[in-house]
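Data block below; observations after.
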Number of protein chains: 2
Amino acid sequence: MNTGPQEVFRALSDPTRRQILLFLAQEDLAISDIAERFDITRTAINKHLAILEEGGLINSEVSGRERRKSLAPKSLKSAFEWLGYFEQFWDIKLADLQREISRDMKEKKESGK
Amino acid sequence: MNTGPQEVFRALSDPTRRQILLFLAQEDLAISDIAERFDITRTAINKHLAILEEGGLINSEVSGRERRKSLAPKSLKSAFEWLGYFEQFWDIKLADLQREISRDMKEKKESGK
DNA sequence: TCCTTACAACACCTTTTGGTGTCATAATAT
DNA sequence: ATATTATGACACCAAAAGGTGTTGTAAGGA
């Protein structure tokens, strides 16, 4: 059930799919409800939904003739954590930058003597 | 210079590119150094690097006949923050779950009377 | 000087992606 | 009972993605 980062990142790579996620963050929606919000066909939306489901990013529940789609936010953690690994480097680079800046300032000072 | 989430997510959607980022997190590398680490041609690697650069995820510096590639981790923030938006829902869903659990327990209690 | 290395720039190919349209079917509303 | 709605299941298509190989060229090493 727990999908790896590949399926998640793949699902996230399309702007339509990311927008769908944002919609589902607001409320659960049936397929046609979602399709209405875009300028593409329901068939196309359906394919996007299938990819989102493969990535485990959304849940689908049958309700009468409807398929009610809901956000499965936990799955986003996989990607979030992958990216989180790089968080350490943001700080390092920032430290580097500050070191550079102080070096530059020092040099300027020296040459100014 | 600041690229939107589209270019970043697009760059992240390929496993080879994500692996390249992990390599560059360890050390700066020239194109051939990177190509050596994979089973695909340097030409293919070059295309991946171009996409990573489009997303602003790596920097390129000419050094003699080499192109030294380095990680530009700040750009990952764009994607990280996009995903961070959903962090609130992780908690909400957890709260939902706990509410359900206590409801279930209550029901069980009631029926047990 | 000559050979090798590191790369850019193409042309080309196959598969995947994102889209369309059509038809069938099951649930719902009139 | 019938019309409408929500969806699944195809077949199909153009463009993008991910790969190959070839050729040219500039920088470094022998």
Side-chain angles (χ1 to χ4, degrees), chain A residues 3-24 26-72 79, chain B residues 3-24 27-72 75 79:
Chain A
T3 54
Q6 175 52 36
E7 287 77 16
V8 177
F9 276 120
R10 191 239 182 170
L12 290 172
S13 69
D14 183 89
T16 299
R17 287 193 289 267
R18 287 196 305 276
Q19 183 60 58
I20 290 175
L21 289 179
L22 290 173
F23 281 138
L24 289 178
Q26 301 304 316
E27 47 178 340
D28 293 0
L29 292 170
I31 300 179
S32 342
D33 297 333
I34 298 171
E36 275 179 354
R37 291 167 159 76
F38 294 91
D39 284 336
I40 57 180
T41 61
R42 181 186 53 80
T43 309
I45 292 292
N46 234 337
K47 291 188 183 179
H48 284 307
L49 290 171
I51 291 169
L52 285 168
E53 277 188 51
E54 275 175 35
L57 279 72
I58 64 174
N59 299 122
S60 186
E61 194 183 348
V62 178
S63 162
R65 57 180 164 178
E66 280 186 349
R67 257 74 177 167
R68 199 133 217 93
K69 307 291 179 179
S70 61
L71 190 67
Chain B
T3 53
Q6 175 52 37
E7 287 76 17
V8 178
F9 276 120
R10 190 240 182 169
L12 290 173
S13 69
D14 183 89
T16 300
R17 287 193 289 268
R18 287 196 305 278
Q19 184 60 58
I20 290 175
L21 289 180
L22 291 173
F23 282 139
L24 289 179
E27 49 178 339
D28 295 359
L29 292 169
I31 300 179
S32 341
D33 296 333
I34 299 170
E36 275 179 354
R37 290 167 160 75
F38 294 90
D39 283 334
I40 58 180
T41 60
R42 184 185 53 77
T43 309
I45 291 292
N46 234 338
K47 291 187 184 179
H48 285 307
L49 291 171
I51 291 170
L52 286 168
E53 276 188 52
E54 275 174 36
L57 278 72
I58 62 173
N59 299 122
S60 187
E61 193 183 349
V62 179
S63 162
R65 56 179 165 178
E66 278 186 351
R67 257 75 176 165
R68 199 133 216 94
K69 308 291 180 180
S70 60
L71 190 67
S75 59

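Note on naming: letters A, B, ... go to the chains in the order of the sequence lines (proteins, then strands), and numbering restarts at 1 for each one. What you are looking at is a predicted structure, and each value in this text was computed from that prediction instead of being measured.
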Please walk me through it: do B:D33 and B:F23 pass side-chain contact (heavy atoms from CB on, under 4.5 Å)?
CA-CA 10 Å; B:D33 296 333; B:F23 282 139; over 6 Å; no
Take B:K69 and B:I31 through the side-chain contact (heavy atoms from CB on, under 4.5 Å) test and state the conclusion after the steps.
CA-CA 7 Å; B:K69 308 291 180 180; B:I31 300 179; 3.7 Å; yes
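Judged by atom type and distance alone, A:R65 reaches the base of D:dT5 through a side-chain donor-acceptor pair under 3.5 Å.
When the side-chain nitrogen and oxygen atoms of A:N46 are compared with OP1 and OP2 of D:dG8, one or more of them lie within a distance under 4.0 Å. Dashed line: the shortest gap from a side-chain N or O of B:R42 to OP1 or OP2 of C:dT5 is not under 4.0 Å. For B:T41, no side-chain nitrogen or oxygen approaches OP1 or OP2 of D:dG19 to under 4.0 Å. Put simply, B:H48 has no side-chain N or O that comes within less than 4.0 Å of OP1 or OP2 on D:dA17.
Atom CD1 of residue B:I45 and atom CZ of residue B:R17 lie 10.5 Å apart, to the nearest 0.5 angstrom.
Remark: C1' of C:dT17 and CD of A:E54 are 12 Å apart, rounded to the nearest angstrom. Distance B:D33 CG to C:dC7 C1': 13 Å, rounded to the nearest Å. Across the protein-nucleic acid pair, B:E61 atom CD and C:dC7 atom C1' stand 16 Å apart, rounded to whole Å. Protein atom CD1 of A:I45 is 14 Å distant from nucleotide atom P of C:dG21, rounded to whole Å. The CG-C1' distance, from B:L12 to D:dG18, rounds to 17 Å in whole Å. Atoms NZ (A:K69) and C1' (D:dA6) sit 12 Å apart, rounded to a whole Å. In this structure, A:L49 atom CG and D:dA6 atom P are separated by 15 Å, rounded to whole Å. The distance between atom CD1 of B:I40 and atom C1' of C:dT14, rounded to the nearest whole Å, is 16 Å.
Contact annotation for B:R68: no contact, since no heavy-atom pair falls under 4.0 Å across all strands.
Among D:dT20, D:dG18, C:dG19, the nucleotide with an atom closest to any side-chain atom of B:D14 is D:dG18. For B:I31, counting side-chain heavy atoms from C-beta on, the closest listed nucleotide (C:dA8, D:dA27, D:dT20) is C:dA8. Distance from the side chain of B:R10 is smallest for D:dA17 among the nucleotides C:dA8, D:dA17, C:dA27. Minimum atom distance to the side chain of A:E66 is reached by D:dA6, of the listed C:dG21, D:dT20, D:dA6. Checking D:dG19, C:dA8, D:dA11 against the side-chain heavy atoms of A:K47 singles out D:dA11 as nearest. Across C:dG19, C:dT20, D:dT7, the shortest atom-to-atom separation from the side chain of A:T43 is found for C:dT20.
Within 6.0 Å of CD in A:E27 there are more than 12 heavy atoms belonging to other residues, nucleotides or ligands.
No side-chain heavy atom of A:N59 sits under 4.5 Å from any side-chain heavy atom of A:D28.
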